[in-house]
Novice: 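Here it is, the structure in full.
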Protein chains: 2
Amino acid sequence: MDDVYFMEKAINEAKKSISEGGIPIGAVLVKNGEIIGKGHNRLIQSNSAIFHGELDAIENANSKNRLTGKDYQNSTLYTTLSPCPMCSGAIILYNIPRVVIGENKTLLGAEELLKNNGVEIVSLDNNECKVLFEDYIKENPETWNEELKRVDGTTSLK
Amino acid sequence: MDDVYFMEKAINEAKKSISEGGIPIGAVLVKNGEIIGKGHNRLIQSNSAIFHGELDAIENANSKNRLTGKDYQNSTLYTTLSPCPMCSGAIILYNIPRVVIGENKTLLGAEELLKNNGVEIVSLDNNECKVLFEDYIKENPETWNEELKRVDGTTSLK
């Protein structure tokens, strides 16, 4: 139940991104049942190359109160979409032990890397995450295709 | 010779970080013999969790002119220190084909992951990079130990 609750909060972040003209991917970082950071993809609206939802949530969590190693090690990251290599690397860097993923059908990220590094993955196969993302691609094919070209379709890792 | 020249520019970024009270790690992104982005570690001075030198350089490169996939694929990233899992993930995400590393003796990053994903690594074993970083640790043991605890000593990947 908690996982579904916090995924809703990540979905709210994805919707916030849409309202800003951005890609609907959102994330929240949760420690001891409390959201300590929220974030969403800001590639379009902030012309960023690195602010994916997960990194935005991790950065925002730290900006309020500088987190300790223990904070990260006791947290779960919720993300509406399977995390890319960069965000997976951040999860591994900070030893975040658990990642709850809204969906990985539209894009599969670096889940193998996470698993190989002992990160627990919970996949919710959430339809709302999928529909939000698919609708965005349908309505913004040029923007999305440009984004895909920027990463040359990279979604997973060797 | 070019690699030594651009590493000097990355070292200048590391020194800029020291002048701001930060950790001396710097990076530059170079395309066709031209620096398109500079950056340095901003964990301390900007209270960041994600602005390592490499991500800062990648973000700054994009902020001036939105980069295309081809731009990244024709670039080399210079960094004074072996890149962590997060920064290595970003290098892989954007298909940056070549990374020149100042030194990896003080901290070894996710070089295996880079190699496994086809990234060419050039190690310069640059003494100035090493001395800058070692001096910082010596002069700021508490700050540095806190940083190390935040990542639980994570420097490489499984």
Side-chain angles (χ1 to χ4, degrees), chain A residues 29 37 39 43-44 46-52 54-73 83-97 109-110 113-119 145-158, chain B residues 29 37 39 42-44 46-52 54-73 83-96 109-110 113-119 145-158:
Chain A
L29 189 64
L43 297 194
I44 306 299
S46 303
N47 192 30
S48 174
I50 66 168
F51 278 107
H52 286 184
E54 299 92 325
L55 285 201
D56 196 32
I58 289 171
E59 184 71 337
N60 287 335
N62 190 64
S63 68
K64 290 175 216 153
N65 291 298
R66 195 158 180 83
L67 301 186
T68 66
K70 286 251 174 294
D71 290 331
Y72 292 113
Q73 290 157 32
C84 84
M86 172 178 67
C87 295
S88 298
I91 290 161
I92 292 164
L93 176 69
Y94 284 113
N95 298 284
I96 297 171
L113 183 74
L114 290 171
K115 281 181 202 163
N116 291 344
N117 282 274
V119 179
N145 282 333
E146 198 203 321
E147 277 315 303
L148 262 190
K149 270 188 217 160
R150 276 156 59 84
V151 299
D152 196 27
T154 309
T155 54
S156 61
L157 283 170
K158 285 182 208 74
Chain B
L29 189 65
R42 299 204 274 114
L43 297 194
I44 307 297
S46 302
N47 191 31
S48 174
I50 66 168
F51 277 107
H52 286 186
E54 299 92 325
L55 284 201
D56 196 33
I58 289 171
E59 184 71 338
N60 287 335
N62 190 64
S63 67
K64 290 175 215 153
N65 291 298
R66 195 157 180 83
L67 301 185
T68 66
K70 286 252 175 293
D71 291 331
Y72 293 112
Q73 290 158 32
C84 84
M86 172 178 67
C87 296
S88 298
I91 291 160
I92 292 164
L93 176 67
Y94 284 112
N95 299 282
I96 296 172
L113 183 73
L114 290 171
K115 282 181 201 163
N116 291 345
N117 282 275
V119 179
N145 282 333
E146 197 202 322
E147 277 315 303
L148 262 190
K149 269 189 217 159
R150 276 155 60 84
V151 298
D152 196 27
T154 309
T155 55
S156 59
L157 283 170
K158 285 182 209 76

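Atoms considered below: every heavy atom in the structure, side chains included; atoms not considered: hydrogens, waters and symmetry mates.
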Novice: Can you list everything that forms a side chain to side chain contact (heavy atoms under 4.5 Å, CB included) with A:Ala49? Sequence neighbours excluded, please.
Specialist: A:Arg150, B:Ile58, B:Glu59, B:Asn62, B:Tyr72, B:Tyr94
Novice: Could you pull out the closest heavy-atom pair between B:Asn95 and A:Val151, with the gap in Å?
Specialist: ND2-O, 2.9 Å
Novice: Determine whether more than 12 heavy atoms belonging to other residues, nucleotides or ligands lie under 6.0 Å from atom CG of A:Asn145.
Specialist: yes
Novice: Select one option (side chain, backbone, both, neither) describing which atoms of B:Leu43 are under 4.5 Å from chain A's heavy atoms.
Specialist: both
Novice: Just to verify, what does A:Asp71 make a side-chain hydrogen bond (donor to acceptor under 3.5 Å, both in side chains) with, not counting sequence neighbours?
Specialist: A:Lys31, A:Thr68
Novice: Under 4.5 Å, counting heavy-atom pairs only, tell me which of A:Ile91, A:Ile50, A:Leu67 racks up the most with chain B.
Specialist: A:Ile50
Novice: Drop me the distance from B:Ile92's CD1 to A:Leu113's CG, to the nearest 0.5 angstrom.
Specialist: 8.0 Å
Novice: Rounded to the nearest 0.5 Å, what separates atom CE in B:Met86 from atom OG in A:Ser88?
Specialist: 12.5 Å
Novice: Looking only at heavy atoms, what is the nearest atom pair of A:Asn47 and B:Ser63, with distance?
Specialist: ND2-O, 3.8 Å
Novice: Taking all heavy atoms of A:Gln73 and all of B:Lys149, pick out the closest pair and write down the distance.
Specialist: NE2-O, 4.4 Å
